[in-house]
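Counting begins at 1 with the first residue of the sequence. Side chains included, hydrogens not; waters and symmetry mates left out as well; all remaining heavy atoms used. Counting starts at 1 for both ligands and their atoms, in listed order.
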Amino acid sequence: MRDSIKVILFCFLLVIPFLTLACSQIKDYPTDLEQLSEDERLVIRFSHVVGEDTPKGMAARKFAELIKERSNGRIEIQVFSNGTLYKDVEELDALLRGDIQLIAPAISKLTDLVPELSVYDLPYAFNSLEEVHEFTESEAGNRLKDLLKMHNLIALGLWDSGFKQISNDIRPIEHYQDLKGIRMRIMQSDILAQQYYIVDAFPRKIDFNTVFQSLKKGDIEGQENTLTNITSKNFYSLQKYLTISNHGYLGYFLLFNLDFWESLSDEDQELFTETLHEVQEWQWQLAEDLNDKRLQEIEECQCIQIYYLSEEEKKEWEEHFTPVYHYYTQHYGDYYIQNLPKYKYVK
Ligand code: LMR
């Protein structure tokens with residue numbers, strides 16, 4: 001009897017610390033979501049072509065971080081910047097094929113697919129970024145976004161790069177006539193090509209990630225872009241003249257492959273939509289601040305000659321570009337132009 005009490009006591013003393021240790025380990029054991037099965041985890045590949053320290057690059061990272069945090073690591077957005085995964089046109093094809101799930105291309109680069117979107121490319125279409133945002137949220141803007149659905153794409157947000165400026169190596173551009181004869185890089189958009197035909201320049205559609213090399217080799221003599229893109233890719237180091245013209249908008253649609261989007265649960269769709277909305281507000285401010293900062297840096301470095309178009313000169317340029325609006329109307333009708341904020345309130 002005494003022996004069996006001893007055995008019970010011995011087992012008790014041995015088991016208690018073991019149980020305590022086991023329980024505490026279960027409690028503190030880290031949740032390793034990497035160990036979730038393929039079915040449980042959601043991996044989204046997000047490809048874009050610009051640098052990390054640009055309004056798009058920074059917003060992409062923030063979006064990925066927030067989604068990871070809010071889904072407790074279940075959803076991972078893998079961001080591929082600088083065109084390392086796919087270049088300009090390739091990324092759209094990859095999204096359409098479903099090889100990747102998310103991209104944020106410049107709207108200009110969607111105009112081969114949905115030409116009506118080139119209303120965003122019209123010179124001086126918008127007086128401010130607020131006007132761009134208002135138009136995008138309007139009925140006309142929603143109709144434009146719906147056109148993308150016919151191509152199995154869904155646009156869930158708008159991020160700004162900002163307004164474009166003109167740089168070149170030939171002469172200061174103070175008047176639109178100064179653009180005559182200059183070989184200018186543009187994005188893949190016919191309206192942008194028309195804009196340069198009107199001033200007798202030679203537009204060339206070139207992939208963003210080869211602009212630097214093309215400028216260096218002399219294949220092109222000038223280009224138009226936002227200041228964050230001009231500086232992050234060092235274009236200005238190869239150019240003598242910069243004109244602050246603010247003549248055109250550059251922004252991005254956040255595009256999901258529609259089949260993929262529809263395969264998501266309601267909860268996940270809500271998570272993406274709400275987070276994107278929050279990041280968008282933050283991104284708009286960031287784009288404005290970064291462009292201002294880059295302008296200040298360029299002014300201080302005195303490494304490029306800068307000309308600022310006055311408000312009067314901008315009006316003259318806008319008038320001179322009227323045939324580009326006619327070109328758009330002839331091809332795609334006047335509905336979207338009529339609904340630009342600058343015309344909407346004019347009686
Ligand atoms: C460009 O090609 O100039 C831009 O679209 C790059 C970008 O994505 O901002």
Side-chain angles (χ1 to χ4, degrees), residues 46-61 63 79-95 100 102-114 117-118 120-123 125 129 132 153 155 157-168 183-193 195-196 203-216 219-236 238-239 242 245-255 279-280 283-284 286-288 290-291 294:
F46 181 177
S47 173
H48 71 79
V49 297
V50 295
E52 298 268 344
D53 289 331
T54 57
K56 177 161 65 177
M58 289 165 83
R61 281 209 315 275
F63 180 53
V79 182
F80 300 88
S81 59
N82 278 311
T84 44
L85 193 59
Y86 294 110
K87 307 257 176 297
D88 273 350
V89 186
E90 296 167 1
E91 66 175 20
L92 181 58
D93 290 342
L95 185 76
I100 50 178
L102 179 60
I103 61 175
I107 298 173
S108 316
K109 292 175 189 168
L110 298 168
T111 57
D112 276 348
L113 206 60
V114 178
L117 282 173
S118 54
Y120 281 92
D121 286 333
L122 288 166
L129 292 173
V132 180
L153 298 169
L158 173 87
W159 288 354
D160 292 331
S161 182
F163 284 105
K164 288 177 288 182
Q165 323 299 349
I166 297 171
S167 73
N168 89 102
R183 279 176 275 130
M184 295 291 296
R185 181 268 170 171
I186 55 165
M187 292 181 280
Q188 293 83 348
S189 155
D190 283 345
I191 285 295
L192 294 181
Q195 170 190 277
Y196 283 104
R204 291 199 47 195
K205 296 177 184 170
I206 293 178
D207 189 285
F208 181 63
N209 297 100
T210 46
V211 177
F212 186 85
Q213 279 309 322
S214 305
L215 284 170
K216 204 163 174 188
D219 292 348
I220 44 171
E221 296 147 330
Q223 61 83 45
E224 55 164 36
N225 221 312
T226 55
L227 289 176
T228 49
N229 278 342
I230 291 175
T231 51
S232 73
K233 290 291 172 194
N234 235 347
F235 300 155
Y236 72 120
L238 300 172
Q239 304 269 268
L242 176 69
S245 52
N246 288 314
H247 65 281
Y249 172 72
L250 200 167
Y252 317 106
F253 276 155
L254 271 286
L255 285 185
V279 174
Q280 177 174 282
Q283 199 275 344
W284 288 349
L286 175 78
E288 252 189 283
L290 276 186
N291 278 303
R294 297 295 173 255

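- Those atoms of ligand 1 that come under 4.0 Å of a heavy atom in Val49, given as number and element, are 8 (O).
- Of all the atoms in ligand 1, the ones that sit under 4.0 Å from a non-hydrogen atom of Lys56 are 7 (C), 8 (O).
- Proximity to Ala106 (heavy-atom distance under 4.0 Å) selects the following atoms of ligand 1: 5 (O).
- The distance from ligand 1 to the heavy atoms of Asn225 drops below 4.0 Å at these ligand atoms: 1 (C), 3 (O).
- The side chain to side chain contact (heavy atoms under 4.5 Å, CB included) test with Tyr252 singles out one residue from Ser161, Ser108, Pro55, and that residue is Ser161.
- Residue contacts with ligand 1: Lys109 is included, with a non-hydrogen atom under 4.0 Å away.
- A side-chain donor from one of Asn82 and Lys233 sits under 3.5 Å from a side-chain acceptor of the other.
- Of all atoms in ligand 1, listed by their number and element, those nearer than 4.0 Å to a heavy atom of Val50 are 6 (C), 7 (C), 8 (O), 9 (O).
- Each of the following atoms of ligand 1 lies closer than 4.0 Å to a heavy atom of Met187: 1 (C), 2 (O), 3 (O), 4 (C), 5 (O).
- Using a 3.5 Å distance cut-off with no hydrogens or angles, the side chains of Glu224 and Gln195 do pair a donor with an acceptor.
- When only modelled atom types and interatomic distance are considered, His247 and Gln165 share no side-chain donor-acceptor pair under 3.5 Å.
- Salt-bridge annotation for Asp219 and Arg204: absent, with no side-chain N of the basic residue lying under 4.0 Å from a carboxylate O of the acidic one.
- Neither the backbone nor the side chain of Val211 has any atom closer than 4.0 Å to an atom of ligand 1 (non-hydrogen atoms only).
- Neither the backbone nor the side chain of Lys205 comes within contact range of ligand 1; no heavy atom lies under 4.0 Å.
- Residue Asp88 has no nitrogen or oxygen atom sitting less than 3.5 Å from a nitrogen or oxygen atom of ligand 1, judged on distance alone.
- Residue Arg185 approaches ligand 1 through these ligand atoms, each under 4.0 Å from one of its heavy atoms: 1 (C), 2 (O), 3 (O).
- The proximity of Asp207 to ligand 1, defined as any non-hydrogen pair under 4.0 Å, does not occur for either the backbone or the side chain.
- Heavy-atom minimum distance, Gln283 versus Ala59: CG-CB, 3.3 Å.
- No side-chain N or O of Thr111 forms a donor-acceptor pair with one of Gln188 less than 3.5 Å apart.
- Donor-acceptor pairing under 3.5 Å is lacking for the side chains of Tyr86 and Asp93.
- Between Asp190 and Lys205 there is a salt bridge, since at least one side-chain N of the basic residue sits less than 4.0 Å from a carboxylate O of the acidic one.
- Looking at atom 9 (O) of ligand 1, its nearest protein heavy atom turns out to be Tyr252 OH, 2.5 Å.
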